[in-house]
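What follows is a short report on a single structure.
Sequence positions, counted from 1, serve as the residue numbers for this chain.
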Amino acid sequence: MERDARVRALSGPIPPCFPEKLAPLAYGVKSQTLERMTDSGTKPTSPANLAAQLIELDRSLDVGLRDQVQSEISRLISGGALRSGTRLPSCRKLAGELKVSINTVLGAYSRLCDDNLIEARARSGYFICDDLRIPHQRVADPVQTGAPPQANFVARITPHRLPSKNSYILRPPNWQDYEYPFVCNQIDIQRFPISEWRECTRMAMNRRDLGIWSGDNQYWDSQELLDQICHRLLPRRGITADSENVLVTVGAQQALYLIASLLRGPGRVVAMEDPGYPDARNIFEQLFDEVRFIPVDDEGLIVDDRLEGCDLVYLTPNRQFPTTVSLSAARRASLLEVAEKQDFLIIEDDYESDVDFRVNPPLPLYQSNRTGRVVYISSLSKSLAPGLRLGFLVAPPDLVTELRALRGMMIRHPPLVLQHAAALFLRFGHYDALCSRLHGAYERRWTIANQILQSDFSDFGIQGEVGGTSFMLSDPAKRWPAADVVQNALIEGVVVESVAPCFFATKTEHFSFRVGFSAVHADRIEPGLSILRKVIDAL
């Protein structure tokens with residue numbers, strides 16, 4: 001985690017590898033050296049020595065030494081320590097000061113020359129370019145004592161609608177550093193198709209296609225991606241749709257927020273599963289005055305008179321979150337019938353469809369919808385990568401038109417270069433190949449995990465249907481609070497997640513946690529679960 005923080009800091013306010021030396025530059029506190037450079041207008045007697053003194057390299061970083069030298073010189077230029085016309089140390093001199101090869105410094109200088117930050121002058125060396133128009137960092141005057149109190153607009157927010165108070169499933173931000181990361185809905189980075197994705201990104205960024213993604217496309221998405229979604233992704237899910245039915249979103253999360261925002265209003269009621277997706281609950285409670293929590297059993301959402309008077313019903317029918325059960329055929333038919341009778345809209349979140357390794361998984365509700373009462377949302381997060389934030393929704397054209405306009409008020413459209421790269425990834429069959437590989441890997445992992453859980457965790461209630469990528473374990477005897485299990489497992493290098501935020505009206509959440517295997521190698525499942533069992537027994 002420290003390493004990642006250092007890497008991120010290379011583009012942050014102050015490089016961590018020389019905070020004390022650059023603090024005057026970043027915050028405008030003038031040292032004696034900088035006073036000579038800025039106040040008097042004269043150059044320091046030895047700017048070469050100054051540059052060498054201000055550059056320190058961290059060899060523990062994954063970032064190469066050449067890149068670090070380039071990054072720090074550019075930062076010195078931006079911060080004002082190296083002004084236009086300043087001569088830089090020779091490659092040999094700076095290499096000696098930094099204890100790196102001459103080629104390392106030469107490579108950094110070459111890149112800085114390419115960016116027109118420095119220039120090479122014949123028989124004179126390297127200099128900061130004279131015509132730079134880079135505004136230097138400025139710092140406001142310090143706040144004087146006795147200043148008036150600051151306005152507190154947060155206090156004006158309705159207390160129960162403070163977003164920071166929402167609950168959601170937590171995991172360590174550095175979960176990938178743990179030996180046994182049984183997290184859910186994340187990918188195994190070793191299986192990410194880096195070569196194929198890099199090639200599609202390279203192709204998307206060629207000069208010929210520059211006009212496709214570099215401009216403002218107003219509110220419209222990449223037509224190529226819309227076509228690939230309609231012709232490659234949706235048919236395998238049993239959905240027939242045209243591009244006018246589809247809107248690309250920044251993950252399925254944004255799709256859900258857009259729908260809820262568009263259809264909210266005074267007195268309107270939304271219903272959702274209990275247990276269910278906590279971020280959906282957070283969205284609905286932020287936007288609606290009434291949220292109804294409908295229980296879930298072994299057949300999924302219970303369809304009864306509690307749905308009367310609802311305007312929206314949100315559910316995860318193909319892979320209920322977090323129990324993994326699938327909505328039964330009878331419940332599906334009943335829900336669609338009630339939706340017509342009660343005149344409400346169904347939001348179908350099919351979050352795990354592309355990694356479902358069942359031979360014949362249930363078709364989406366959208367496929368059976370004949371009256372335009374279902375909005376289908378999904379993403380590429382569980383198969384490709386959640387960090388790419390590529391999602392989409394499918395709805396009647398008139399509703400998509402309004403959702404597109406609403407999205408346009410926020411972000412106009414997701415980055416077009418990302419959409420274009422994803423379209424190429426789909427077009428060339430890389431996505432089909434990836435999903436095929438994931439199906440085989442996840443089926444094997446599910447089998448291994450299921451056998452161990454059924455054998456070694458038989459005193460728990462275990463939910464984890466075939467085709468999913470996680471299991472939910474509940475302690476019926478209420479002996480081991482989930483928070484204690486999660487905390488003590490982390491100490492032993494095992495990451496599991498409490499599902500307390502998924503329970504809204506019921507109170508069994510304190511003794512339930514989930515075990516995911518999408519991000520853990522198959523050969524780590526057995527030893528990891530063995531450690532987890534020992535941790536639980538020691539509580």
Side-chain angles (χ1 to χ4, degrees), residues 160 163 165-171 184-185 251-257 259-260 263-264 268-304 306-307 310-328 331-332 334-335 338-339 344-353 362 364-365 374-379 381-382 391 393 461 463-465 468-474 482 497-514 516:
H160 75 275
K165 302 301 181 183
N166 291 336
S167 61
Y168 48 90
I169 295 177
L170 294 173
R171 67 174 65 95
C184 297
N185 303 324
Q253 190 94 348
Q254 188 193 36
L256 180 57
Y257 194 94
I259 299 166
L263 297 177
R264 66 175 173 172
R268 292 187 178 175
V269 180
V270 60
M272 64 174 295
E273 303 156 318
D274 185 8
Y277 183 38
D279 285 311
R281 183 269 317 276
N282 295 334
I283 290 172
F284 295 143
E285 289 188 337
Q286 185 73 21
L287 300 175
F288 288 81
D289 291 329
E290 183 180 352
V291 182
R292 294 181 188 173
F293 300 113
I294 312 300
V296 172
D297 61 16
D298 292 341
E299 293 186 66
L301 179 80
I302 296 176
V303 180
D304 58 19
R306 282 171 286 198
L307 297 180
C310 289
D311 298 282
L312 294 174
V313 175
Y314 166 82
L315 74 162
T316 51
N318 278 9
R319 183 69 59 199
Q320 203 280 324
F321 190 103
T323 66
T324 78
V325 302
S326 295
L327 191 67
S328 68
R331 292 274 176 87
R332 290 167 184 265
S334 178
L335 179 62
V338 173
F344 59 70
L345 179 71
I346 298 172
I347 306 174
E348 177 180 19
D349 188 347
D350 197 8
Y351 68 94
E352 211 175 40
S353 59
L365 287 169
V374 178
V375 175
Y376 178 87
I377 64 177
S378 189
S379 73
S381 294
K382 309 305 180 291
L393 63 83
Q463 291 179 292
E465 289 198 2
T469 61
S470 66
F471 294 82
M472 190 175 84
L473 278 65
S474 301
E497 300 166 333
S498 171
V499 293
C502 299
F503 290 81
F504 314 128
T506 54
K507 298 300 179 183
T508 60
E509 70 274 14
H510 298 302
F511 299 90
S512 299
F513 61 92
R514 62 180 186 173

* Asked: Stepwise, does the side chain to side chain contact (heavy atoms under 4.5 Å, CB included) test hold for Phe293 with Met272?
  -> CA-CA 5 Å; Phe293 300 113; Met272 64 174 295; 3.8 Å; yes

Expected output: side-chain [X] to main-chain [Y] donor-acceptor under 3.5 Å:
{"X": "Asn282", "Y": "Pro163", "value": "no"}
{"X": "Ser378", "Y": "Asp350", "value": "yes"}
{"X": "Arg332", "Y": "Leu327", "value": "yes"}
{"X": "Gln463", "Y": "Val325", "value": "no"}
{"X": "Ser498", "Y": "Phe513", "value": "no"}
{"X": "Arg331", "Y": "Gly300", "value": "yes"}
{"X": "Gln320", "Y": "Pro275", "value": "yes"}
{"X": "Asp311", "Y": "Val269", "value": "yes"}
{"X": "Ser470", "Y": "Cys184", "value": "no"}

Shortest non-hydrogen contact from [X] toward [Y]:
{"X": "Ile377", "Y": "Ala252", "answer": "CD1-O, 4.0 Å"}
{"X": "Asp274", "Y": "Cys502", "answer": "OD1-O, 3.9 Å"}
{"X": "Ile302", "Y": "Arg306", "answer": "CG2-NH2, 3.9 Å"}
{"X": "Phe321", "Y": "Tyr277", "answer": "CD2-CA, 3.6 Å"}
{"X": "Arg268", "Y": "Leu263", "answer": "NH1-O, 2.8 Å"}
{"X": "Phe503", "Y": "Val499", "answer": "CD1-O, 3.3 Å"}

* To do: Would you check if there is a donor-acceptor pair between the side chains of Arg281 and Ser167 at a distance under 3.5 Å?
  =>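 Side chains of Ser167 and Arg281: pair found under 3.5 Å.
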
* To do: Assess whether side chain to side chain contact (heavy atoms under 4.5 Å, CB included) is satisfied between Arg264 and Leu312, documenting all intermediate values.
  => CA-CA 9 Å; Arg264 66 175 173 172; Leu312 294 174; over 6 Å; no

Distance in Å, [X] [atom1] paired with [Y] [atom2], rounded so as to fall on 0.5 Å steps:
{"X": "Lys382", "Y": "Thr469", "atom1": "NZ", "atom2": "OG1", "answer": "8.5 Å"}
{"X": "Asn185", "Y": "Ser381", "atom1": "CG", "atom2": "OG", "answer": "9.0 Å"}
{"X": "Asn166", "Y": "Gln286", "atom1": "CG", "atom2": "CD", "answer": "6.5 Å"}
{"X": "Asp349", "Y": "Tyr376", "atom1": "CG", "atom2": "OH", "answer": "9.0 Å"}
{"X": "Ile259", "Y": "Leu287", "atom1": "CD1", "atom2": "CG", "answer": "12.0 Å"}
{"X": "Leu301", "Y": "Ser328", "atom1": "CG", "atom2": "OG", "answer": "10.0 Å"}

* To do: Applying side chain to side chain contact (heavy atoms under 4.5 Å, CB included), run through Met472 and Thr324 and close with a yes or a no.
  => CA-CA 8 Å; Met472 190 175 84; Thr324 78; 6.0 Å; no

* Asked: Any chance OH of Tyr257 has more than 12 other-residue heavy atoms, nucleotides or ligands included, within less than 6.0 Å?
  ->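 No - once you tally the heavy atoms of other residues, nucleotides and ligands closer than 6.0 Å, there are 12 at most.
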
* Asked: So, do Leu307 and Leu335 sit near enough that their side-chain heavy atoms are less than 4.5 Å apart?
  ->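 Side chain of Leu307 against side chain of Leu335, heavy atoms only: contact under 4.5 Å found.
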
* To do: State, with a plain yes or no, whether a side-chain heavy atom of Arg514 is found less than 4.5 Å away from one of Ile169.
  =>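 Result yes, sub-4.5 Å side-chain heavy-atom pair found.
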
* To do: For the pair Asp279 and Gln253, evaluate side chain to side chain contact (heavy atoms under 4.5 Å, CB included) and give the outcome as yes or no after the intermediate values.
  => CA-CA 8 Å; Asp279 285 311; Gln253 190 94 348; 3.1 Å; yes

* Asked: Given Leu315, which of Ile347, Leu365, Ile294 fulfils the side-chain contact (heavy atoms from CB on, under 4.5 Å) condition?
  ->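 Of Ile347, Leu365, Ile294, side-chain contact (heavy atoms from CB on, under 4.5 Å) with Leu315 is met by Leu365 alone.
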
* Asked: Under 30°, 30 to 60°, or over 60°: which ring-plane class applies to Tyr314 and Phe284, parallel, tilted or perpendicular?
  ->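 Perpendicular, since the angle between the ring planes exceeds 60°.
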
* Asked: Are Arg171 and Glu497 ion-paired here, with the side-chain N under 4.0 Å from a carboxylate O?
  ->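 Yes, this pair counts.
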
